[in-house]
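Okay, structure first, notes after.
Just follow the structure's listing: the first ligand is 1, and inside any ligand the first atom is 1.
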Amino acid sequence: MSLVEVKVPDIGDFSDVPVIELFVKVGDTIKVDDAIATLESDKATMDVPSSAAGVIKEVRVALGDRVGEGKVLIVVEADGAGASPAPAAAAAPAAAAAPAAAAVAAPAAASHGGAADVEYDMVVLGAGPGGYSAAFRAADLGLKTAIIERYATLGGVCLNVGCIPSKALLHVAAVVEEAEHVSVAGVSFAKPSVDVDALRAHKDKVVGKLTGGLSGMAKGRKVDVIRGYGSFLDPNHIEVEETTGSAQDKTGVKKVVKFKQCIIAAGSAAVHLPFIPRDPRIVDSTGALELRFVPAKMLVIGGGIIGLEMATVYSTLGARVDVVEMMDGLMQGPDRDAVKVWEKQNASRFDKIMLKTKTVGVEAKEDGLYVTFEGEGVSPEPVKYDMILQSAGRAPNGKKIGAEKAGVIVGDRGFIPVDAQMRTNVPHIFAIGDVVGQPMLAHKAVHEAHVAAEVAAGHKAAFDATVIPGVAYTHPEVAWVGYTEAQAKAEGKKVETAKFPWAASGRAIANGADYGFTKLIFDAETHRVIGGTIVGPSAGDMIGEVCLAIEMGADAVDIGKTIHPHPTLGETVGMAAEVAHGSCTDVPPARKK
Ligand code: FAD
């Protein structure tokens with residue numbers, strides 16, 4: 001018997017994430033791949049599986065603790081074959097996921113005895129940003145390719161009910177707020193009148209333009225789109241049950257698709273809290289984006305990015321919004337100094353922000369939705385709302401595609417483990433995007449898609465990105481990448497931090513955004529930039545430069561000596577680098593040490 005420490009595996013860009021559920025206690029017997037805890041990043045929840053089997057001797061985390069890669073969660077007295085060197089990494093991102101079969105036995109694959117209706121070199125299951133990018137890249141590299149998608153349009157969550165429609169609405173909200181703001185410059189507009197039907201039509205038009213464009217590009221590349229719900233029959237066949245209409249009504253017509261290689265890009269779905277009743281006034285992000293009506297009083301359950309983006313839209317349209325969050329802060333992920341700036345700018349937006357508070361009951365009555373909370377200082381009586389947005393995370397769709405018939409391992413919570421080439425444990429079946437792990441972001445899915453397609457086409461490729469940026473497209477935006485100060489502190493890593501306050505940026509002052517800042521974090525030994533946080537308008541557009549600098553191994557001189565256009569918000573990145581090497585002439589002189 002030996003004692004084995006089970007640690008948090010690489011969870012991608014998220015380094016300081018709270019433990020929101022703990023499934024184990026001292027004395028429990030645990031098996032390899034059993035869930036130890038659930039961590040909640042800013043966009044979703046993820047389970048950490050055990051890499052060891054045996055009896056738990058110590059639990060080294062508590063609910064609410066913030067953890068990152070390498071943090072010991074439990075100590076296990078391992079039974080005989082208990083300790084596995086590689087975690088199953090059910091929640092780990094592609095960059096670090098262990099070879100899929102390392103810790104979990106693969107399910108026995110089925111065998112489809114029948115014929116196939118069509119046959120392809122490459123079949124991609126799911127047409128989100130991961131799926132369509134994989135299919136298009138595979139086709140560009142010469143593979144005869146098809147995409148299977150259950151919905152009428154391509155683009156998945158991101159284009160249809162995620163990134164794009166939310167940004168179309170957030171843009172309108174920003175314009176409304178900007179129009180209000182210019183009254184300080186002597187220009188006043190009348191209070192806006194909102195035509196919700198026209199606004200919805202505008203958002204649908206934006207989405208339609210993009211999804212229509214994708215259809216055209218699929219045709220242009222000779223990628224066949226097979227409409228229907230796909231489910232594996234065995235390691236080389238998928239049965240597609242045709243769907244119709246704007247939803248996924250099944251027609252009963254079935255088709256068998258044979259493939260040489262396959263990429264699973266089945267994405268994720270919003271988590272529905274079990275105690276919340278089904279009621280048309282209770283929506284997830286998809287329902288909120290339908291913009292059926294603007295409620296007088298709205299509750300957002302979950303203070304992550306998706307919840308706060310939707311709260312921004314609805315409050316600008318006139319709803320009074322409360323936010324309830326189990327953790328001790330909103331918007332997990334970025335450093336708290338950035339979130340504080342956001343909080344100050346949004347103080348008037350919310351009636352109540354209830355932190356460290358649980359929603360424990362919802363009763364749907366004719367006159368409203370009555371919600372009971374548990375936490376410090378919350379109303380003991382149920383509070384009435386006209387609409388509730390549930391945004392308590394997203395769960396992968398890995399368990400809904402018959403993967404076991406293909407012999408593909410799916411972790412406890414539906415994530416599919418992959419290696420750095422995005423291969424599952426079945427070498428000719430790849431998986432990418434939300435279904436393989438955190439962070440659940442479109443740009444990660446697309447990057448993984450290209451890796452999988454290139455590997456499938458025989459190219460040398462692997463997921464070796466150093467960082468994946470995160471952005472809250474709120475007002476103001478908060479964007480971060482790589483190390484945060486909090487992460488560096490938690491890891492005891494020596495860093496140098498340089499912050500350029502936008503109060504010293506001519507453009508930020510001109511734009512009424514002098515409250516923002518740009519912060520860069522450098523490795524104290526190598527002096528290379530390893531992280532950055534920006535808060536202010538267009539922060540999401542600017543963080544790309546910091547990503548590039550990190551990937552290229554740039555130091556403060558490289559960034560500071562790059563001539564940035566003036567006057568722009570983007571030059572604050574260069575100026576933060578100048579602050580780091582003491583050459584910035586736009587801030588007061590550094591104090592002599
Ligand atoms: P998905 O986009 O989920 O696509 C999966 C596709 O597979 C779907 O079309 C689904 O219908 C199809 N499918 C699944 N199973 C089957 C089956 N059995 N048969 C046939 N078809 C199937 N990310 C960002 O980077 N930036 C943002 O600003 C951003 N904003 C967001 C806002 C909201 C409100 C939400 C909900 C998400 C947002 N995201 C954002 C996350 C982003 O949408 C996802 O990370 C991204 O869509 C994942 O892409 P994917 O290809 O892995 O999966």
Side-chain angles (χ1 to χ4, degrees), residues 13 41-44 93-94 123-135 146-170 211 214 225-232 238-243 247-248 250 257 263-271 283-290 302 304-311 313 389-391 393-403 414-416 422 431-449 452 468-474 477 479 540:
D13 209 21
S41 77
D42 52 336
K43 289 251 174 185
V123 167
V124 180
L125 182 59
Y132 80 74
S133 305
I147 309 182
I148 299 169
E149 171 57 52
R150 58 186 160 162
Y151 287 115
T153 53
L154 304 183
V157 169
C158 180
L159 268 70
N160 292 285
V161 290
C163 329
I164 300 303
S166 61
K167 271 71 219 178
L169 296 178
L170 280 161
T211 54
L214 282 183
V225 177
I226 302 172
R227 171 87 195 265
Y229 196 94
S231 196
F232 285 95
I238 290 180
E239 182 178 77
V240 183
E241 188 165 1
E242 191 183 62
T243 48
Q248 36 172 338
K250 291 181 175 163
V257 181
I263 297 176
I264 301 171
S268 63
V271 168
V283 294
D284 58 16
S285 57
T286 301
L289 286 165
E290 281 171 14
I305 290 178
I306 291 176
L308 296 178
E309 287 184 357
M310 294 319 303
V313 170
L389 164 62
Q390 282 196 77
S391 87
R394 296 183 63 81
N397 287 333
K399 289 200 168 169
K400 304 174 187 166
I401 53 172
F415 285 111
I416 299 178
M422 312 312 302
I432 57 169
D434 283 7
V435 80
V436 304
Q438 301 291 346
M440 287 190 182
L441 291 171
H443 41 271
K444 187 206 69 147
V446 171
H447 194 91
E448 291 172 343
I468 301 168
V471 181
Y473 297 89
T474 43
E477 292 183 359

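- Only the side chain of L125 comes within 4.0 Å of ligand 1, counting heavy atoms alone; its backbone N, CA, C and O stay farther away.
- Although no hydrogens or angles enter the test, the distance criterion places a donor-acceptor pair under 3.5 Å between the side chain of K444 and the main chain of G437.
- Between S166 and ligand 1, no N or O atom pair is found at a separation short of 3.5 Å.
- The proximity of M310 to ligand 1, defined as any non-hydrogen pair under 4.0 Å, does not occur for either the backbone or the side chain.
- Taking a cut-off of under 4.0 Å to the non-hydrogen atoms of Y473, the atoms of ligand 1 that pass are 28 (O).
- Nearest heavy-atom pair, R394 versus S285, reported as atom, atom and distance to 0.1 Å: NH1-OG, 4.2 Å.
- With atom 3 (O) of ligand 1 as the reference point, the heavy atom nearest to it among V157, I432, I226 is part of V157.
- Between G126 and ligand 1, not a single N/O pair is under 3.5 Å apart.
- Look at P165 and you'll find every heavy atom at least 4.0 Å from all atoms of ligand 1.
- Of all the heavy atoms of I306, the ones lying under 4.0 Å from any atom of ligand 1 belong exclusively to the side chain.
- Considering OG1 of T286 and CG of L389, their distance stands at 10.0 Å, rounded to 0.5 Å.
- Taking all atoms of both residues into account, the shortest heavy-atom contact from L154 to A127 is CD2-CB, 3.6 Å.
- Residue-level proximity to ligand 1 for Y229 is carried by backbone and side chain together, each with a heavy atom below 4.0 angstrom.
- Using a 4.0 Å cut-off to heavy atoms of A265, the atoms of ligand 1 that qualify are 5 (C), 6 (C), 7 (O).
- Using a 4.5 Å heavy-atom cutoff, the side chains of M440 and P396 are in contact.
- In terms of polar-atom proximity, V161 is not counted as a contact of ligand 1, lacking any N or O under 3.5 Å from an N or O of the ligand.
- Within ligand 1, the atoms closer than 4.0 Å to a non-hydrogen atom of S285 are 34 (C), 36 (C), numbered from 1 in the order shown.
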Show your reasoning for whether salt bridge (Lys or Arg N to Asp or Glu O under 4.0 Å) applies to K167 and E309. CA-CA 9 Å; K167 271 71 219 178; E309 287 184 357; 2.9 Å; yes
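- Here the side chains of E448 and I263 are not in contact, with every heavy-atom distance at 4.5 Å or above.
- In terms of heavy atoms, N397 sits closest to A266 at ND2-O, 2.7 Å.
- The closest heavy-atom contact to atom 49 (O) of ligand 1, among the options G128, P469, P129, comes from P129.
- Considering I148, D284, D434, I305 only, the shortest heavy-atom separation from atom 48 (C) of ligand 1 involves D434.
- Using a 4.5 Å cut-off on side-chain heavy atoms (C-beta onward), L214 and I147 make no contact.
- Side-chain atoms of Q390 and V271, non-hydrogen and from C-beta on, never get closer than 4.5 Å to each other.
- Interface atoms of ligand 1 facing M440, defined by a heavy-atom separation under 4.0 Å, are 41 (C), 45 (O).
- Between P165 and L159, the closest heavy-atom pair is CD-O, 3.3 Å.
- By the 4.5 Å heavy-atom criterion applied to side chains, Q438 and F415 are counted as neighbours.
- Of all heavy-atom pairs between P129 and V446, the closest is O-CG2, 3.6 Å.
- Judged by distance alone, the side chain of R150 and the main-chain N or O of R227 form no donor-acceptor pair under 3.5 Å.
- Counting heavy atoms closer than 4.0 Å to ligand 1, residue S231 contributes nothing at all.
- Close approach to I401 involves these atoms of ligand 1, each under 4.0 Å from a residue heavy atom: 18 (N).
- At under 3.5 Å, not a single nitrogen or oxygen of V435, backbone or side chain, sits near a nitrogen or oxygen of ligand 1.
- Atoms of ligand 1 found under 4.0 Å from any heavy atom of G130 (numbered from 1 in listed order, with element): 51 (O).
- Pairing each heavy atom of T243 with each of Q248, the nearest pair is CG2-O, 3.6 Å.
- Not a single heavy atom of Q248 sits less than 4.0 Å from an atom of ligand 1.
- In summary, the atoms of ligand 1 found under 4.0 Å from a heavy atom of G433, numbered by their order in the structure, are 52 (O).
- For the pair L125/I148, a side-chain contact is recorded, criterion being any heavy-atom separation below 4.5 Å from C-beta on.
- An N or O contact shorter than 3.5 Å is missing between G155 and ligand 1 by distance.
- Distances shorter than 4.0 angstrom occur between a heavy atom of R394 and an atom of ligand 1.
- By the criterion of a heavy-atom distance under 4.0 Å, the backbone of S268, and not its side chain, is placed next to ligand 1.
- Of the listed residues (G162, A134, C163), the one carrying the non-hydrogen atom nearest atom 39 (N) of ligand 1 is C163.
- For A266, heavy-atom contacts with ligand 1 shorter than 4.0 Å involve the backbone as well as the side chain.
- Of the options K167, K444, H443, the smallest heavy-atom separation from atom 30 (N) of ligand 1 is shown by K167.
- Under a 4.0 Å criterion applied to the non-hydrogen atoms of G156, ligand 1 contributes the atoms 2 (O), 4 (O), 8 (C), 9 (O).
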